[in-house]
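Please read these numbers as outputs of a predicted model, since none were measured by experiment. Heavy atoms only: backbone and side chains are in, while hydrogens, waters and symmetry mates are out. Order of the sequence lines sets the chain letters (A, B, ...), proteins ahead of strands, with each chain counted from 1.
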Amino acid sequence: MMARTISHLRANIRFKGDSFLPPLQNPLSSSRFSPHATLLASLLHSISFSNNGDRPQSRYQKVTNLDHAFNLFDEMTQRRPLPSVVHFAQLLNAVAKMKHFSSCLDLFKQMCLIGAPVNEYCISIAIKCCCQMSRTNDGFALLASCFRRAVVPNVFIFNTLLDGLVVENRIAEAERLFKKLIKQKICEPNAVTYSTMIKGLCKFGNNDIAIGLLRLMDERGCKPNTVVYNTIIDSLCKAKMIEDAFKLFNEMVFAKSIQPDVITYTSLIHGLCNLCRWDEVSKLLKEMVEDVRISPDIQTFNILVDAFCKEGRVDEAEAVIDIIVERGEVPNIVTYNSLIDGCCLRGEMTKARSLFDSLTSKGLVPNVVTYNSLLNGYCKSLKIEEAMHLFHEITRKGLKPNVRTYNVMISGLCREGMPEEAKHLFRKMGESGCPPDGITRKGLKPDIVSYSAMLQGLFRVGRCGAARKLFDEMRSQGLIPNECTYRIILAGLCNNHQVEDVLYLFHLVGDSKLNTDIQVYNILIDGMSKCGKLDIARDLFQDLTLKGLKPNVRTYTVMVSGLCREGMLEEAKHLFHRMDESGCPPNSVTYNVLLQGYLKNQNSDDVEMLLEEMDGRRYSVDASTLSMLIEKIAAGSVDRSMLKLIGKLVPKEMMDTTAVPR
DNA sequence: CTAGGGTTAG
């Protein structure tokens, strides 16, 4: 009766609590906070609080710091008779919950040493610690000790080990263990076993097999639950297979009557955000809020904040943060990291910096993600000094730079033509050892992105030999070059006039996926014509259509540029006119390229016509075109009467820095 | 009393 009253009350409160959320058609015209709503909110809070007061915790469960835990453990081991295994287990669990996995293992080993009682619960905690530290093999060694102690391992232990294998990406072994449990009837998998195995399959993109396993568990009499469905739905969303995700969602809700929860909705909303399907995001958000059992939480809102930031709508993201606060939730570091990253991506470093500086006053501590966004922003804004300064601050603050941190710095230094400094960091990242807390973490290893950035830097300063050596080193590390590496190498070789090597590599790769990319052709066409091999560039341009590739604006532009370079103005003009017909209209860059071609070849009438067209399309001249125009006017090869028109084509920002003759 | 699902970065 009481339970029914509470749940009824809760439902009502949740329902009225909807007024906290703005109308969903426009999530940003936020409704103000009514006093009534405040009252309901505090009531809701008190209800969820009183429900929570289960059982008092024992002194072993209450341990909150490591010293305390060790002292208590020492005291326990002095007692005779020894305390019960339950108390030891509670202490172990408390230490594990604090994420002091290796300390927890030390305590477990000591227990074994002094002959304290050890049951399968203690062993499962110890195994959990091994797995959490990516030392699943040690977990299996502990499993062996189960057999020696005549302790029968239970399904908890196997689930933990299975998860350890999945965490370490040892998917084949996970599958083997899973099958062995069933075939040898070691223990019957439960829903957790299935969801863990399904998570592993999803992690490797085997969504179909994961769905197969979902069917299998049902057939074997293990009812799928929300977690199992959520795991697959999220994986489908991440693979942009949103229709399949919704198919499963409908099956779960309507055919199986399994309740979706906040995680189900959050996954789907995230998937829709990634596809920019905003109407459906609103619809789902509305559906979620109208279901009295479900309410969006901070993670749901963080996804919305991030989505707005990625759309470049930082103002709207900030409005979502206001809504979070109005609803009585607390924005966390993830919320602000998205916001800071959004500013950095738009080059708004002053705002990013002031957000960063305001974190402390909000009780938030920047983490390595925060720093990486700022580093990236500073590097892209060519403020390498500021980035370097911040990079050193990371370790000073007791944080550990990760591979991304290093990669951002490496590419930033390379972009500035400082490959030596980049290489220093590149070598340094491998040396990072164990942090002082004794938790063993793997040292950082340069990954494919680190190598690619480094290669780009070496090519930039013309050090092809060093690039070649680094490429071989990368291969010897077992790193497979990806499409990005491939493009960097092609462009690098082109820029250094290594024509034969480029063509050799291109033909070596043949018709593989790498060469069915228009970007590759753009690099090659541009590269070949810059190396004076216009005939090869032309062949490539002919070739790409045969391979089923569609030239884009860049393709046409580099081709026009190549033709202009060789003074083949008629052909350039012809190609230029073909662009509109091909549904690929020239952009500002194309116009500038052709204009420079005309200017170099003293084609005054065409210059005027092109300038008029640019004005009509609201395009502007770039800095190098402008200086060439000025030069030609000074030399008298372009008529001064065009100055007025030219003035219209100079963007405002350039007016301040460039002297335009009057 | 232990085990499984959703958010941020190049």
Side-chain angles (χ1 to χ4, degrees), chain A residues 55 57-58 60-61 85-87 89-90 92-94 96-97 119-128 131-132 154-164 166-167 189-200 202 225-235 237-238 260-271 273 296-307 309-310 317 331-342 344-345 366-377 379-380 402-412 447-450 452-453 484:
Chain A
R55 195 177 300 167
Q57 287 192 324
S58 78
Y60 308 99
Q61 292 168 299
V85 61
V86 174
H87 293 154
Q90 286 174 340
L92 284 185
N93 196 33
K97 283 263 149 66
N119 60 7
E120 79 269 11
Y121 176 37
C122 293
I123 297 181
S124 84
I125 296 169
I127 292 178
K128 174 84 192 157
C131 293
Q132 292 276 322
N154 56 17
V155 67
F156 290 98
I157 290 182
F158 286 112
N159 288 347
T160 306
L161 286 166
L162 192 69
D163 192 52
V166 169
V167 167
N190 62 15
V192 178
T193 326
Y194 283 103
S195 73
T196 307
M197 194 63 237
I198 284 173
K199 177 181 73 175
C202 289
N225 57 20
T226 311
V227 176
V228 177
Y229 273 98
N230 284 353
T231 309
I232 308 179
I233 287 174
D234 186 62
S235 173
C237 286
K238 292 211 166 92
D261 62 11
V262 59
I263 296 181
T264 325
Y265 278 99
T266 302
S267 290
L268 289 166
I269 287 172
H270 193 197
C273 283
D297 63 10
I298 184 65
Q299 289 201 43
T300 323
F301 284 112
N302 281 349
I303 283 163
L304 297 175
V305 169
D306 190 57
C309 288
K310 287 208 166 73
N332 57 23
I333 189 65
V334 176
T335 324
Y336 283 99
N337 280 349
S338 290
L339 207 58
I340 290 172
D341 193 60
C344 289
L345 288 180
N367 59 21
V368 71
V369 177
T370 329
Y371 278 99
N372 285 353
S373 289
L374 282 165
L375 289 180
N376 187 37
C379 283
K380 290 232 160 106
N402 59 22
V403 181
R404 289 188 179 200
T405 320
Y406 279 98
N407 287 349
V408 169
M409 290 310 298
I410 288 167
S411 72
D447 64 7
I448 187 71
V449 181
S450 331
S452 301
C484 202

Closest listed nucleotide, where the reference is the side chain of A/T196 and the choices are B/dG4, B/dG6, B/dA9
B/dG4
Closest to the A/N337 side chain, choosing from B/dT8, B/dG4, B/dT2
B/dT8
Within the side chain of A/S267, is there an N or O that forms a donor-acceptor pair under 3.5 Å with the backbone of A/I263?
yes
d(CD1, A/I232; C1', B/dG4) in whole Å:
13 Å
Minimum-distance nucleotide to A/D297 side chain [options: B/dT8, B/dG4, B/dG6]
B/dG6
Shortest side-chain distance from A/S124, nucleotide among B/dG4, B/dT2, B/dA3:
B/dT2
A/I269 has an atom CD1; how far is it from atom C1' of B/dG6, in whole Å?
11 Å
Without decimals, in angstroms, what is the distance between A/K380 NZ and B/dA9 C1'?
11 Å
If you check every side-chain atom of A/H270, which of B/dT7, B/dA9, B/dA3 has the closest atom?
B/dT7
Hey, does A/V305 reach any base, or is it just sugar-phosphate, or nothing, if we go heavy atoms under 4.0 Å?
nothing
Could you check whether A/I303 gets within reach of a base, just the sugar-phosphate, or nothing at all, counting any heavy atom under 4.0 Å?
sugar-phosphate
Spell out, as yes or no, whether a donor-acceptor pair under 3.5 Å connects the side chain of A/N372 to the backbone of A/L375.
no
Between A/K97 and B/dT2, does any side-chain N or O lie under 4.0 Å from OP1 or OP2?
no
Report yes if at least one side-chain N or O of A/K128 is closer than 4.0 Å to OP1 or OP2 of B/dC1; otherwise report no.
no
Would you name the heavy atoms of A/N225 and A/A191 that are closest together and state the gap between them?
ND2-CB, 3.7 Å
Ignoring hydrogens and angles, answer whether the base of B/dG4 and the side-chain atoms of A/N225 contain a donor-acceptor pair closer than 3.5 Å.
yes
Taking atom C1' of B/dT7 as reference, at what distance in whole Å does atom CD of A/Q299 sit?
5 Å
Residues A/K310 and A/D341 bridged, charged N to O under 4.0 Å:
no
Which nucleotide in the set B/dT8, B/dG4, B/dT7 lies at the smallest distance from any side-chain heavy atom of A/D306?
B/dT8
Given B/dA3, B/dT7, B/dT8, which nucleotide is nearest the side-chain atoms of A/S338?
B/dT8
Using a heavy-atom cut-off of 4.0 Å across all strands, would you classify A/T405 as base, sugar-phosphate, or nothing?
nothing
Test for a donor-acceptor pair under 3.5 Å between the base of B/dG6 and the side chain of A/S267, counting only N and O atoms.
no
Distance-minimising heavy-atom pair for A/P366 and A/I333
CA-CD1, 3.9 Å
For A/D447, answer base if it contacts any base atom (sugar-phosphate contacts may also be present), sugar-phosphate if it contacts only those atoms, and nothing otherwise; contact means non-hydrogen atoms under 4.0 Å.
base
Describe the nucleic acid contact of A/V86 in one word from base, sugar-phosphate, nothing, applying a heavy-atom distance below 4.0 Å.
nothing
Residue A/Y121, side-chain heavy atoms: nucleotide from B/dG4, B/dT2, B/dT7 that is nearest
B/dT2
Figure out the OH/P separation between A/Y229 and B/dG6, and round it to whole Å.
18 Å
At under 4.0 Å between heavy atoms, what does A/V369 touch on the DNA or RNA strands: base, sugar-phosphate, or nothing?
base
Separation of B/dT2 P from A/L162 CG (nearest whole Å):
19 Å
Quickly work out the A/L304 CG to B/dG6 C1' distance and round it to whole Å.
13 Å
Check every strand shown and say whether A/A191 touches a base, only sugar-phosphate, or nothing at a heavy-atom separation below 4.0 Å.
base
Non-hydrogen atoms of A/C273 and A/L304 that approach each other most closely:
SG-CD2, 4.4 Å
To the nearest 0.5 angstrom, please state how far the CG atom of A/N154 sits from the CD1 atom of A/I123.
9.5 Å
Out of B/dT7, B/dA9, B/dT8, which nucleotide sits closest to the side chain of A/N367?
B/dT8
Which part of the nucleic acid does A/T226 contact within heavy-atom distance under 4.0 Å: base, sugar-phosphate only, or nothing?
base
Taking atom P of B/dT7 as reference, at what distance in whole Å does atom CG of A/N302 sit?
11 Å
Among the nucleotides B/dG6, B/dA9, B/dT2, whichever has the atom closest to the side chain of A/I263 is B/dG6
